[in-house]
Amino acid sequence: MKIITKVDELKNAVKAYRHEGKTIGLVPTMGALHGGHKSLVDRARRENDVVVVSVFLNPTQFNNKEDLRTYPRTAEADAALLEGCGVDIAFMPTVADVYPEPDNRVFHLGPVAEVMEGAMRPGHFNGVCQIVSKLFAMVEPDRAYFGEKDFQQIAVIRAMVEQLGLKLQIVPCPVVREDDGLAKSSRNVRLTPEVRKVAPNIYRVLRESVDYSKTHTVAETHDWVVEQINAYPLMEVEYFSICDGRTLQPVDQWTDTPYVVGCITVYCGDVREIDNIAYRK
């Protein structure tokens, strides 16, 4: 595995693979890698000749400086995990390498970027699009892999790809969970033991709400989920949106669209956890 830190070196390495006619898969990450990331890498390994993984904690997508400060940083462990997965290139640049000049681009991505995380974290998705578009330009991958835990992010990136006219496939990959159901996340290491015990109830409630939804309205299901989760100590729902799985706009009736997804964000102590579940698909 090559560990590359400079943009020009990355471009030259990828260009050499291209000249050999090889397909390239890209897995963008912010580091603090875990089993969820490994599943993305494994999928990319199966579907491409060459796998590039970026490990870069992107500052422009953090609207909360404290969240950026406390985000786990585990560069040595990340490199070891990637080498064990058979990655060809680990791109591990500094902020100065990626942003030699400030990136002042503003992306207008429409309604998919304005709800949920877009409303709660102003500027977040613009920062996501800044870094992901840069990585796409550096690597020019055939396919890029993203976890469905960040359900809205995938919709936003697809909108960006369409807007920029890029020729690549966005590959969504299933959520990877701990044995107790908690979605794997780099932020999970920040959960206190007490909070870690109750956090799996987010997914338990979501799972149970699928059956509940079969005999209750959208509004009743929404309220039931929020009440159930908020009844646990140390957890508080920031938002829960039952929405069209393509447009991400809220639905009023289960029959409004054939694809209905529930997206939730819960404060577990001071750690923000996100998750989602399909109600109709």
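Predicted model only: the values in this text are computed from it and were never measured. Along the sequence shown, residues carry numbers from 1. Atom set for the values below is all heavy atoms of this structure, side chains included, hydrogens, waters and symmetry mates excluded.
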Compare all side-chain heavy atoms of [X] with those of [Y] and state whether any distance is below 4.5 angstrom.
| X | Y | value |
| --- | --- | --- |
| Asp244 | Val260 | no |
| Thr257 | Val251 | yes |
| Arg190 | Asp270 | yes |
| Leu57 | Tyr71 | yes |
| Val210 | Tyr279 | yes |
| His124 | Phe62 | no |
| Tyr145 | Leu26 | no |
| Val266 | Tyr239 | no |

In plain terms, say whether [X] and [Y] are close enough for a salt bridge, that is, a side-chain N and a carboxylate O under 4.0 Å apart.
| X | Y | value |
| --- | --- | --- |
| Arg196 | Asp180 | yes |
| Lys6 | Asp8 | no |
| Arg272 | Glu238 | yes |

Would you call the rings of Phe240 and His222 parallel, tilted or perpendicular, where under 30° means parallel and over 60° means perpendicular? parallel
Which label fits Tyr212 and His216: parallel for a plane angle under 30°, tilted from 30 to 60°, or perpendicular past 60°? parallel
Identify each donor-acceptor pair in which a side-chain atom of residues 155-165 lies under 3.5 Å from a protein atom, sequence neighbours left out, and give them as a table.
| from | atom 1 | to | atom 2 | distance (Å) |
| --- | --- | --- | --- | --- |
| Gln163 | NE2 | His108 | O | 2.6 |

Can you find a side-chain donor-acceptor pair between [X] and [Y] that sits under 3.5 Å?
| X | Y | answer |
| --- | --- | --- |
| Glu117 | Thr265 | yes |
| Asp256 | Gln253 | no |
| Arg280 | Ser213 | yes |

What's the shortest heavy-atom distance between [X] and [Y], and which atoms?
| X | Y | result |
| --- | --- | --- |
| Val176 | Ser39 | CG2-OG, 3.3 Å |
| Val189 | Pro72 | CG2-CG, 3.6 Å |
| Cys129 | Leu109 | SG-CD1, 3.3 Å |
| Val175 | Lys149 | CG2-N, 3.5 Å |
| Gly147 | Ile154 | O-CD1, 3.5 Å |
| Cys85 | Val41 | CB-CG1, 3.7 Å |

With rounding to the nearest 0.5 angstrom, report the CD1 to CE distance, Ile89 to Met92. 13.5 Å
Check for me whether Arg207 meets the cation-pi criterion with Tyr203, that is, NZ or CZ under 6.0 Å from the six-membered ring centre and within 45 degrees of the ring axis. yes
For Lys38, does the NZ atom sit with more than 12 other heavy atoms under 6.0 Å from it, leaving out its own atoms? no
Hydrophobic cluster membership, with links at side-chain heavy-atom distances under 4.5 Å among I/L/V/M/F/W/Y: are Met235 and Val271 in one? no
May I ask whether Phe56 and Leu33 are part of the same hydrophobic cluster, defined by side-chain heavy atoms of I, L, V, M, F, W, Y residues being less than 4.5 angstrom apart, directly or through others? no
Any pair counted as salt bridge (Lys or Arg N to Asp or Glu O under 4.0 Å), so long as it reaches residues 131-143, sequence neighbours left out: Arg18-Asp142
Pairs satisfying salt bridge (Lys or Arg N to Asp or Glu O under 4.0 Å), at least one member in residues 76-96, at least two apart: Arg45-Asp88
